[in-house]
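Here is the structure we will look at, set down as structure tokens.
Below, chains carry the letters A, B, ... as their sequence lines are ordered, and counting in each starts from 1. Because only heavy atoms are used, hydrogens play no part in the values below, and waters and symmetry mates are left out as well, while side chains stay in. Please read all numbers here as calculations on a predicted model, not as lab measurements.
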Protein chains: 2
Amino acid sequence: MNNPSPAEKAAILESITIDCVIFGFKAGNLEVLLVRHGEGISKDKWGLPGGWIYKTESTDDAANRLLLELTGIKDIYLEQLRAFSDPDRFPLSRVITIGYYALIKEEDYDLKAGATAAEVAWFKVSQVKDLIYDHAQILEIGLKRLRRRIKQEPIGFNLLPQKFTLLQLMHLYEEILGKEMDKPNFRRKILKMNLLTPLNEKEKDVSHRAAKLYQFNPETYQQLLEKGFNFEF
Amino acid sequence: MNNPSPAEKAAILESITIDCVIFGFKAGNLEVLLVRHGEGISKDKWGLPGGWIYKTESTDDAANRLLLELTGIKDIYLEQLRAFSDPDRFPLSRVITIGYYALIKEEDYDLKAGATAAEVAWFKVSQVKDLIYDHAQILEIGLKRLRRRIKQEPIGFNLLPQKFTLLQLMHLYEEILGKEMDKPNFRRKILKMNLLTPLNEKEKDVSHRAAKLYQFNPETYQQLLEKGFNFEF
DNA sequence: CTTCCTTATAGTTTATTTGACTACAAGTAT
DNA sequence: ATACTTGTAGTCAAATAAACTATAAGGAAG
């Protein structure tokens, strides 16, 4: 979100930007993808990946392009959060930013800092601090959305590896919703949804009884995405 | 959303606008507020109330100001829908619009066409057609949001008069969700929420047994707004 | 190889919530 | 007085949720 060069100015919208909140999950922690800026007024500070919009692209396209340019991540489903429009949110001029968010499996993507980003990395959400501009607020709204969504749609699964145990899934819910759950009840409820396909495999290299591995049933997944569910637990 | 005059250009953002989807409810029908444009390329066509954003105001403020200028409605709670960013959505130039929506009691507000609006009026949602630009899409997204929300938060009450009967409330839900409900069950469920305060009054001038009137319990209302509920019926 | 420990998984029990109904009460209109 | 309409109360079986107990399957320690 540095100021555009004169050459770029012709092709971009002047007072709108994009910022992306990308969530991942690793070792029981919810993480978010940040970039360290390599130039401009926020040089060397960390913030959400984002930038300017070309006049010829939709904001959805811009979000995907920017994410690719800055972090190397491509072809993910980004959902719009909302616009952030405090007149003073950006110090150099009046700029409204449109927030996007996504959930991805960290393991599926290689990070590669590009364009104006000097560095890209995952940070535990609970430990993020000192983001540029109003990015802390955008992250917070993204987190709120994630929490609301995960109770009503089977989106959390995007954060887990292909094959996972029921306990891993439960821990994911516990981490995101910030509350403890009952193993037998969780198991019963999620299995009844028919959303998981049991595999003929088990965990390996664990020092206790190995749990069965599961993966999604993409069909039920689609149905539930549309119809929603209630995952209060 | 006509093009700004040169004098205005200094003070407004060039490629962003606001559009508002205002829902009301009357005689069993869900209605939406539209304005007939008095000037510009969409002269004499109907569309959502909206317009340009001053550089010094947030989009929330802009939405409220524009609504007041165009329709005379003021001081309502407008919630942001999302940004609409199709590069071709606005014929004259590249303009992204930020949609807002609100639910209000029609009876509480007097309409008064102002600024660039030649006329303001309520239209039954089911009968709206031929809106300018992509306003049909914005309305559709607003409606979707309304349907989702009304199942999870007690927002529908904003559409009813101060005092109302349970059947009126149920009809509101039926109209918005497009599905029939069971009277006794609806009654039981909603009363148990403790959201309604029974009044010592009854309907008047009806040609059948008069129903008891209720109003909200603002405290429970606040609690439920934060905590949410599940109003599937 | 037996015992202990940890985690996985199955099952029980009780209270609560739903959904579909029935029944009756309270008014208006004829 | 009677029929008709809508409001309100209550019943009952099925489904769900929450808390809990019990057992199985492994590895680790002795």
Original post:
So is Arg188(B) actually on top of Phe186(B)'s ring, under 6.0 Å and inside 45° of the axis?
Top reply: no

Subject >> Distance in angstrom units between Glu201(B) CD and dG27(C) P, rounded >> reply: 15 Å

Original post:
Rounded to the nearest 0.5 Å, what separation is found between the CD atom of Glu203(A) and the CD atom of Gln168(A)?
Top reply: 6.5 Å

Original post:
CG of Asn185(B) versus P of dC12(D): gap in Å, rounded?
Top reply: 16 Å

**OP:** Measure from the side-chain heavy atoms of Arg188(A) and tell me the nearest of dG7(D), dA8(C), dA19(D).
**Re:** dA19(D)

Original post:
If we only count heavy atoms from C-beta on, is the Leu30(B) to Leu159(B) side-chain gap below 4.5 Å?
Top reply: yes

**OP:** Counting heavy atoms from C-beta on, name the nucleotide in dG7(D), dC21(C), dT7(C) closest to the side chain of His208(A).
**Re:** dT7(C)

**OP:** Answer with base, sugar-phosphate or nothing: what part of the nucleic acid does Leu167(B) contact at a heavy-atom distance below 4.0 Å?
**Re:** sugar-phosphate

**OP:** Measure the distance from NZ on Lys202(A) to P on dA25(D) and round it to the nearest whole Å.
**Re:** 8 Å

Original post:
Arg187(A) has a side chain; which of dT9(C), dA17(D), dG19(C) sits nearest to it?
Top reply: dT9(C)

Subject >> Side chain Arg209(A) and base dA24(D) donor-acceptor under 3.5 Å >> reply: yes

**OP:** Name the closest nucleotide to the Ala211(B) side chain, picking from dC20(D), dG7(D), dA17(D).
**Re:** dG7(D)

